[in-house]
Amino acid sequence: MEFKAAVGSRRTVRRFEPDRPVEKAKIRAILEAAAQQSQHGNAQLVRKAVVVTKGETPDVIRDALIDALYHQPQAAAAPVAIVWVQDMSGWNHNREKVRALLDARPPSEGWEADFADSGLAPEDLVIHPDTNSAFTEWLTSFECGLAVGSALLAAVDAGLGTGLITGRREEIRKLLDMPASCTPTQVQLVGYAAQGRAPGPTRPRPGFDELYFADTWGRPLA
């Protein structure tokens with residue numbers, strides 16, 4: 001599918017064909033799209049996911065997940081649920097990760113060679129959980145959001161219906177046996193949209209003049 005078509009046709013799907021499985025290759029394509037998204041400071045391990053699949057994941061786990069998602073009908077109907085997770089431990093060993101990035105990138109891309117010996121990039125000074133936890137948590141959430149946005153479009157590109165829901169995060173974390181460093185964020189439901197119940201037209205959107213500005217805040221972009 002053309003990129004603009006995927007963006008323009010994306011809708012939150014809430015009705016799925018519950019007994020129609022999703023091909024493994026399509027789920028992998030969704031996850032790969034998330035993995036390929038931009039990453040701040042080469043932090044590749046802060047955004048992760050657990051895939052829960054109807055007929056494969058034990059019923060006791062899937063049923064408990066549906067319960068933690070407040071028994072929303074779309075959660076019960078969707079054949080696949082991708083539980084997106086932000087993992088703060090992904091910032092550990094950032095020195096080694098930035099060193100690898102420096103080794104892979106030429107100086108012309110803006111990484112100062114002076115940082116090579118220390119293994120630090122300038123922004124690395126403010127993304128360590130021990131020195132600036134509030135900023136690091138915000139940045140981790142932003143990183144996860146980037147990945148999920150790509151995952152949604154990849155699902156649409158694959159001809160699937162998809163949408164995000166949330167639930168009782170601490171309950172989900174324990175249910176899926178995640179370590180304390182992890183926080184479930186959004187759950188992406190994936191499946192084939194129920195026949196005859198394709199998503200309808202988009203809701204009215206704010207105009208560009210309300211969202212985007214030119215030169216300074218409040219000056220509408222033409």
Given the rule in the side-chain contact (heavy atoms from CB on, under 4.5 Å) test, do K48 and M178 qualify, once you have shown the distances and angles that lead to the verdict? CA-CA 11 Å; K48 299 174 182 176; M178 299 176 190; over 6 Å; no
Quick one: CD on Q188 to CD1 on I165, what's the gap to the nearest 0.5 Å? 11.0 Å
Are more than 12 heavy atoms, taken from residues, nucleotides or ligands other than F208, located less than 6.0 Å from that residue's CZ atom? no
Are the side chains of L45 and D87 in touch, meaning some heavy atoms are under 4.5 Å apart? no
Quick one about S150 and Q36 (side-chain donor to acceptor, distance below 3.5 Å, no hydrogens or angles considered), yes or no? no
What distance do W84 atom CH2 and T166 atom OG1 have between them, rounded to the nearest 0.5 Å? 15.0 Å
side-chain contact (heavy atoms from CB on, under 4.5 Å) between H71 and I66, intermediate numbers included: CA-CA 5 Å; H71 275 287; I66 293 170; 3.7 Å; yes
R15 side chain vs A194 backbone, donor-acceptor pair below 3.5 Å: no
Rounded to the nearest 0.5 Å, the CH2 atom of W91 sits from the CD atom of E143 at a distance of 5.5 Å
Do Q86 and T140 have side-chain N/O donor and acceptor atoms under 3.5 Å apart? no
Indicate yes or no for a side-chain donor-acceptor contact from E137 to the backbone of A134 under 3.5 Å, with no hydrogens or angles considered. no
Verify side-chain contact (heavy atoms from CB on, under 4.5 Å) between V13 and Q74, making sure each step is shown before the conclusion. CA-CA 8 Å; V13 172; Q74 62 265 43; over 6 Å; no
Considering only residues two or more places apart or on different chains, which pairs with a residue in residues 141-167 satisfy ring-ring contact (aromatic ring centres under 6.0 Å, His included)? W138-F142
Please find the pair of heavy atoms, one from A81 and one from V187, that lie closest to each other, and give the distance. CB-CG1, 3.9 Å
With rounding to the nearest 0.5 angstrom, report the CG to CG distance, D67 to L175. 9.5 Å
Going by side chain to side chain contact (heavy atoms under 4.5 Å, CB included), name the residues that satisfy it together with I27, two or more places apart in sequence or in a different chain. V22, I30, L31, V51, V80, V190
Tell me, yes or no, whether the heavy-atom count around R28 atom CZ, taken from other residues, nucleotides or ligands under 6.0 Å, exceeds 12. no
Using the rule given for side-chain contact (heavy atoms from CB on, under 4.5 Å), can you reason through L164 versus T12, listing the C-alpha separation, both sets of side-chain angles and the distance that settles it, and then say yes or no? CA-CA 7 Å; L164 299 176; T12 295; over 6 Å; no
